[in-house]
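Everything on this sheet refers to the single structure shown next.
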Amino acid sequence: MESYVTVFNSSTWEQVIDKSRFIGVVYPVSNIEEVEQRLQDIRQNYPNARHYVYAYRLYQGKLEKSTDDGEPQGTGGRPVLDVLQYRQIWDVLIVVIRYFGGVLLGAGGLTRAYGGTARQLMDKAALGRLVPHHVYEIETGYDWYEPLKYWFKQFSWAIGNEEFLATVKLQVYIPWEENQRFREWLADFTDQKIIPREIGHTLCPEL
């Protein structure tokens, strides 16, 4: 499992070039279904545009694609995809919507317009790195719950699902490089009364 840079929130940026309006929209996505849904949303939210140029990169399967959507080949989707590849961003979809203003920009002008819109968009996007974490489940009595939760927050170890029955079950996410430290600290802090159970791995935002 490797870390990678992604976008955490959707955002927009736009500019007008020779009367054509270029609107860039970026979305976090994780699969083809999400890509297709976002493309449908774009066409509903920005109706009657001349072109919906887009590019995406999906981490699972290392999938990437771009389309010019009627613009001359290589002048739309490719410059947008280049921005994502250069910055090594995954699980992201960029759509650049063009409302044609009546002035032809030529191949070079289109390439600069689409690529420039994507670059400006990503300059303001909420980017971050996802890093591998161990996922542990801890089962404990209520007397240990608040002390453990307090120290997990002090160490910046994220807490996941919590279940309150006869005992408390909670999940905690530990960065890979802190795994040994976590296990040794927990054994020492609880005098080995609480044994964590590893239940998987996941990617979480880097703090």
Side-chain angles (χ1 to χ4, degrees), residues 1-11 25-38 55-65 80-94 118-119 121-207:
M1 186 175 288
E2 300 176 349
S3 64
Y4 63 92
V5 176
T6 189
V7 60
F8 291 143
N9 299 298
S10 61
S11 60
V25 186
V26 61
Y27 292 108
V29 291
S30 59
N31 54 57
I32 293 293
E33 290 74 21
E34 290 183 8
V35 170
E36 293 174 347
Q37 182 59 58
R38 291 304 189 182
Y56 64 80
R57 303 183 84 209
L58 300 176
Y59 183 76
Q60 291 296 329
K62 297 296 190 295
L63 299 176
E64 55 185 21
K65 180 182 177 181
V80 175
L81 183 59
D82 285 345
V83 172
L84 297 179
Q85 290 177 334
Y86 179 76
R87 303 187 186 198
Q88 299 182 29
I89 303 171
W90 291 96
D91 284 352
V92 60
L93 165 69
I94 291 181
R119 282 192 297 274
L121 173 65
M122 297 313 294
D123 283 345
K124 65 167 289 187
L127 297 177
R129 181 174 291 277
L130 294 178
V131 297
H133 283 63
H134 295 268
V135 184
Y136 285 99
E137 182 178 79
I138 293 174
E139 183 173 3
T140 179
Y142 280 79
D143 55 333
W144 281 107
Y145 172 68
E146 289 295 343
L148 286 174
K149 193 169 183 178
Y150 171 80
W151 282 108
F152 289 167
K153 289 183 177 180
Q154 296 302 306
F155 292 131
S156 297
W157 294 335
I159 297 172
N161 293 333
E162 298 176 307
E163 182 179 292
F164 301 92
L165 296 171
T167 59
V168 180
K169 288 184 180 180
L170 69 155
Q171 293 178 0
V172 59
Y173 299 88
I174 308 299
W176 279 25
E177 65 273 13
E178 297 184 38
N179 187 51
Q180 187 64 28
R181 175 193 176 200
F182 163 73
R183 297 183 70 93
E184 291 175 353
W185 174 85
L186 186 64
D188 181 65
F189 184 69
T190 67
D191 196 24
Q192 298 187 355
K193 291 184 175 67
I194 298 175
I195 307 298
R197 183 170 70 92
E198 187 168 358
I199 59 175
H201 306 96
T202 190
L203 291 162
C204 298
E206 184 178 49
L207 298 177

What distance separates [X] [atom1] from [Y] [atom2], expressed to the nearest 0.5 Å?
| X | Y | atom1 | atom2 | value |
| --- | --- | --- | --- | --- |
| Y56 | L63 | OH | CG | 6.5 Å |
| L170 | T140 | CG | OG1 | 8.0 Å |
| S3 | H133 | OG | NE2 | 11.0 Å |
| N179 | R181 | CG | CZ | 12.0 Å |
| L93 | I32 | CG | CD1 | 10.0 Å |

Polar side-chain atom of [X] near backbone of [Y] as donor-acceptor pair, under 3.5 Å:
| X | Y | answer |
| --- | --- | --- |
| N31 | E33 | yes |
| R119 | V83 | no |
| T6 | W90 | yes |
| N161 | Q171 | no |

Tell me the closest heavy-atom pair linking [X] and [Y], and the distance in Å.
| X | Y | answer |
| --- | --- | --- |
| L203 | P132 | CD2-N, 3.5 Å |
| Y136 | P196 | CD2-CB, 3.7 Å |
| A55 | L84 | O-CD1, 4.1 Å |
| L165 | Y142 | O-OH, 2.8 Å |
| R38 | V29 | CG-CG1, 4.1 Å |
| Y173 | G160 | CE1-CA, 3.5 Å |

For [X], is the [atom1] atom crowded, meaning more than 12 foreign heavy atoms sit under 6.0 Å from it?
| X | atom1 | value |
| --- | --- | --- |
| Q60 | CD | no |
| Q192 | CD | no |
| Y86 | OH | no |

Assign the ring pair F152 / W157 to parallel, tilted or perpendicular, where the plane angle (0 to 90°) is split at 30° and 60°.
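Geometry flag for W157 against F152: tilted rings.
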
Using 30° and 60° as the class boundaries, would you call the ring planes of W185 and F155 parallel, tilted or perpendicular?
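W185 and F155: perpendicular rings.
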
Let's go through W144 and T167 carefully: what are the C-alpha distance in whole Å and the side-chain angles of both, what is the deciding distance for side chain to side chain contact (heavy atoms under 4.5 Å, CB included) to 0.1 Å, and is it a yes or a no?
CA-CA 10 Å; W144 281 107; T167 59; over 6 Å; no

Establish, yes or no, whether a centroid distance under 6.0 Å links the rings of H134 and H201.
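Here the rings of H201 and H134 have centres that are less than 6.0 Å from each other.
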
Side chain to side chain, [X] and [Y], heavy atoms closer than 4.5 Å:
| X | Y | result |
| --- | --- | --- |
| P28 | V92 | no |
| L186 | L148 | yes |
| C204 | V131 | no |
| M122 | I94 | yes |

Walk me through it: do Y145 and I138 pass the test side chain to side chain contact (heavy atoms under 4.5 Å, CB included)?
CA-CA 10 Å; Y145 172 68; I138 293 174; over 6 Å; no

Short N-O contact, R87 and D123, less than 4.0 angstrom:
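A salt bridge is present here (some side-chain N lies under 4.0 Å from a carboxylate O).
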
Check E64, Q85, Q88 against R57 for a side-chain hydrogen bond (donor to acceptor under 3.5 Å, both in side chains) and give me the one that passes.
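Answer to the side-chain hydrogen bond (donor to acceptor under 3.5 Å, both in side chains) test with R57 among E64, Q85, Q88: E64.
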
